[in-house]
2 protein chains.
Amino acid sequence: MVKVRTIKDIAELAGVSTGTVSRALAGSELISKKTREKIQALADEHGFRPNIMARNLRIQRTGAIGVLIPLGHETGQHISDPFFITMLGLLADALTEKGYDLVLSRVIPTDGNWLDRFVDSGRVDGLIVIGQSDQVATLDRVAARYRPLVVWGGYTEGQVHCSVGSDNRKGGYIAAKHLLERGCSRLAFFGDPKALEIGQRLEGCRDAMADAGLSDRLTVLPAHLVAEAAHPDIARFLGSVSERPQGIVAASDVIAMSALRALSEFGLAVPGDVHVIGYDGLAICEQTVPRLSTVSQDLTQGAHHMVDMLLRRIAGEDTQSVVMEPQLIVRMSS
Amino acid sequence: MVKVRTIKDIAELAGVSTGTVSRALAGSELISKKTREKIQALADEHGFRPNIMARNLRIQRTGAIGVLIPLGHETGQHISDPFFITMLGLLADALTEKGYDLVLSRVIPTDGNWLDRFVDSGRVDGLIVIGQSDQVATLDRVAARYRPLVVWGGYTEGQVHCSVGSDNRKGGYIAAKHLLERGCSRLAFFGDPKALEIGQRLEGCRDAMADAGLSDRLTVLPAHLVAEAAHPDIARFLGSVSERPQGIVAASDVIAMSALRALSEFGLAVPGDVHVIGYDGLAICEQTVPRLSTVSQDLTQGAHHMVDMLLRRIAGEDTQSVVMEPQLIVRMSS
DNA sequence: TGGAAAAATGCAATCGATTGTATTTCGCGC
DNA sequence: GCGCGAAATACAATCGATTGCATTTTTCCA
């Protein structure tokens with residue numbers, strides 16, 4: 001059997017021109033049904049697939065979307081973070097559904113050009129960035145010149161880049177308020193506010209404390225986002241602090257999990273001695289002992305929003321940032 | 001300022017031919033140092049990046065590696081599984097280091113052609129498949145005709161496809177033996193042996209039981225791999241079984257975590273009433289209460305092996321499957 | 001059956017870079 | 001100043017598919 005690699009081979013076999021083959025395989029109505037079917041039969045008889053690179057060059061699109069994970073404000077952070085993974089899986093599904101490939105790239109922003117490099121590489125038709133980290137300025141600058149860019153994260157007044165995320169301030173507020181209602185009056189916030197979203201969550205906590213007249217009763221521990229790195233931070237904190245907090249608002253579920261473990265090591269009962277609440281609403285919250293209360297963001301909906309908006313932006317439309325409602329989920333830890 | 005998009009634009013600006021520009025940017029010695037530097041200066045003054053699609057078409061490579069996750073033996077399984085995520089992150093790092101992009105694709109094998117489709121799409125220079133699931137036959141068939149394919153998973157005598165993984169049988173053996181040494185004589189194995197690796201782990205357990213003369217004391221629960229799905233399986237099992245196992249060998253850390261929770265809900269102490277050991281050695285084991293004993297596979301090394309071997313295969317070399325040593329890590333749960 | 005409109009197909013330019021070969025330029029010795 | 005070899009650069013084919021336009025074939029009606 002002849003090797004069939006190109007459209008030209010098919011054309012010869014069918015005794016037609018390459019143009020006809022191209023149109024036939026694309027299912028164009030310009031080609032008579034008879035030849036169209038003949039060519040299609042020939043194509044899958046030989047397992048022929050048109051060369052994607054040639055196609056991409058000609059039609060000027062790659063069929064791929066880049067997903068970037070900037071690990072800005074802390075170098076140790078790993079892509080293995082359950083939050084990223086969850087989001088990544090959802091994006092993979094949503095993009096596949098729309099016929100796009102997902103090109104994954106982990107980025108450690110060493111200079112201000114990490115994003116430009118990817119944009120200009122021409123490898124992808126659009127870009128989704130997961131998390132703003134401390135790179136808001138870079139994101140805004142690039143967004144000003146590159147349309148097909150959507151970011152997961154917080155929204156700030158006047159922000160240039162298009163973002164999808166939950167109302168972090170409100171989420172933080174809800175979390176703190178919940179713990180206050182549980183009778184806590186001294187709270188600690190675990191998380192590094194240098195990252196935009198986390199900063200907003202902290203602000204929300206502060207608002208709640210202020211509303212309760214307890215503004216001076218909130219301690220902030222800029223714990224790492226990574227579980228392995230957060231644990232020692234937390235242990236040190238619990239060991240050194242004079243007045244133990246009665247409630248802990250963790251900036252993420254992963255940090256909350258580390259907190260649970262550290263508390264258990266200090267012989268403190270949850271929620272007996274200390275109330276704990278996480279943030280994100282990951283599936284893993286259900287697997288902790290005790291099961292973790294959390295402020296949930298609808299990641300599935302978020303992923304769909306991002307893909308949707310990105311495709312619209314690729315098509316030239318303009319889109320507004322989306323801020324979703326966070327939701328309090330009370331389980332056993334608070 | 002003129003828009004500079006193509007090599008031709010640069011050529012005009014520099015007053016040379018496109019060929020010269022191409023060579024200059026590639027740093028070819030054929031071009032005089034003077035023009036070379038002039039052109040390079042011009043290029044980054046205008047932020048010029050050669051079009052990747054054109055380049056790919058011409059040199060016949062994509063610069064991308066596909067990473068596939070077949071979710072064969074259970075449809076509910078999610079890409080959000082911590083094991084996949086960990087592996088994915090490691091692969092992303094290793095591939096980036098070698099200058100390759102990572103194209104992620106989640107696959108639910110509905111027919112025997114899922115792998116062929118990807119291979120023939122021409123989107124990537126090589127393929128890494130994470131986990132054999134129950135698709136060994138498909139993998140072998142494709143491997144016979146497509147060289148640049150490396151698979152994470154178990155190794156079986158006579159296997160056609162090139163795999164990297166740990167000695168699952170040995171790992172299962174170690175796990176069961178450890179629990180036997182802890183004084184357990186009734187064991188349960190949690191995991192669905194339809195997946196090759198898990199089947200091998202179960203065999204190892206059986207070996208250990210046989211060596212101890214306790215062959216009839218092992219119960220198998222084909223629990224789901226996903227945490228959310230495994231938990232009800234396990235709860236049902238614990239509720240229905242007449243003689244409670246004294247030790248549980250979980251086929252993965254995620255299953256072990258579900259087991260920990262279920263046990264705690266049944267009021268059983270770990271390791272007091274029941275000893276538990278997981279498999280994989282994920283970072284998340286450190287975060288459970290109590291911290292989880294496990295049989296660890298060196299995923300970092302595994303990822304590097306896979307990338308290494310894949311590149312050698314792309315280069316035309318042949319490579320043998322790799323079977324790594326599993327390692328027992330004893331923490332608090334056993 | 002002639003002929004115009006419609007349908008089907010062929011032709012050739014194009015996407016943007018790479019690269020083998022042809023051509024020009026330069027340096028240098030006589 | 002000429003000629004020669006080497007160095008530098010230009011030319012043009014090529015990768016494989018898509019697509020506007022030209023051309024051929026078919027259809028159908030008078």
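A note on names: the letters A, B, ... follow the listed sequences, proteins ahead of strands, and every chain is numbered from 1.
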Closest to the 5' end of DNA chain D, once Arg55(A) and Ser32(B) are matched to their nearest nucleotides, is Ser32(B)
For atom NZ of Lys38(B) and atom C1' of dA8(D), their distance in whole Å: 13 Å
Between Thr62(B) and Asn56(B), a side-chain donor and acceptor under 3.5 Å: no
Judged by atom type as modelled, is there a donor-acceptor pair below 3.5 Å linking the side chain of Ser321(B) to the main-chain atoms of Ser163(B)? yes
Met309(B) versus Glu317(B): any side-chain heavy-atom pair under 4.5 Å? no
Of Val16(A) and Ala54(A), the one whose closest nucleotide on DNA chain C sits nearer the 5' end is Val16(A)
Closest-nucleotide ordering on DNA chain D, the 5'-leading residue of Thr35(B) and Leu57(B): Thr35(B)
If the threshold is 4.0 Å, N to carboxylate O, is there a salt bridge linking Arg145(B) and Asp116(B)? yes
Pairwise N/O distances under 3.5 Å, protein to nucleotides 19-23 of chain D:
{"unit_1": "dG20(D)", "atom_1": "O6", "unit_2": "Arg23(A)", "atom_2": "NH2", "d": "2.6"}

Compute the angle between the rotation axes at the two ends of the helix from dT1(C)-dA30(D) to dC30(C)-dG1(D), each taken over five pairs, rounded to 10 degrees. 60°
Do Thr319(B) and Arg312(B) pair up side chain to side chain, a donor and an acceptor below 3.5 Å, judged on atom types alone? no
Please assess Arg117(B) against Asp111(B) for the test salt bridge (Lys or Arg N to Asp or Glu O under 4.0 Å), listing each intermediate value before the final yes or no. CA-CA 11 Å; Arg117(B) 269 201 296 277; Asp111(B) 52 27; 3.5 Å; yes
Is it possible for you to check whether Arg106(A) lies under 6.0 Å from the centre of the six-membered ring of Phe84(A), through NZ or CZ, and within 45° of that ring's axis? no
Please work out if Gly122(A) contacts a base, only the sugar-phosphate, or nothing of the nucleic acid, heavy-atom cut-off 4.0 Å. nothing
Could you give the start and end, 5' to 3', of the contact zone on DNA chain C for chain B, using atoms under 4.0 Å from its heavy atoms? dG16(C) to dT21(C)
Quick one: which of Val142(A), Leu139(A), Thr138(A) gives a side-chain contact (heavy atoms from CB on, under 4.5 Å) with His161(A)? Leu139(A)
For Trp114(B) and Gln135(B), test the side chains for any donor-to-acceptor distance below 3.5 angstrom and give the result as yes or no. yes
Is the terminal nitrogen or CZ of Arg61(A) (NZ for Lys, CZ for Arg) located under 6.0 angstrom from the six-membered ring centre of Tyr100(A) and within 45° of that ring's axis? yes
Identify the two heavy atoms, one from Ser166(B) and one from Gln297(B), that lie closest to each other, and give their separation to 0.1 Å. OG-OE1, 2.6 Å
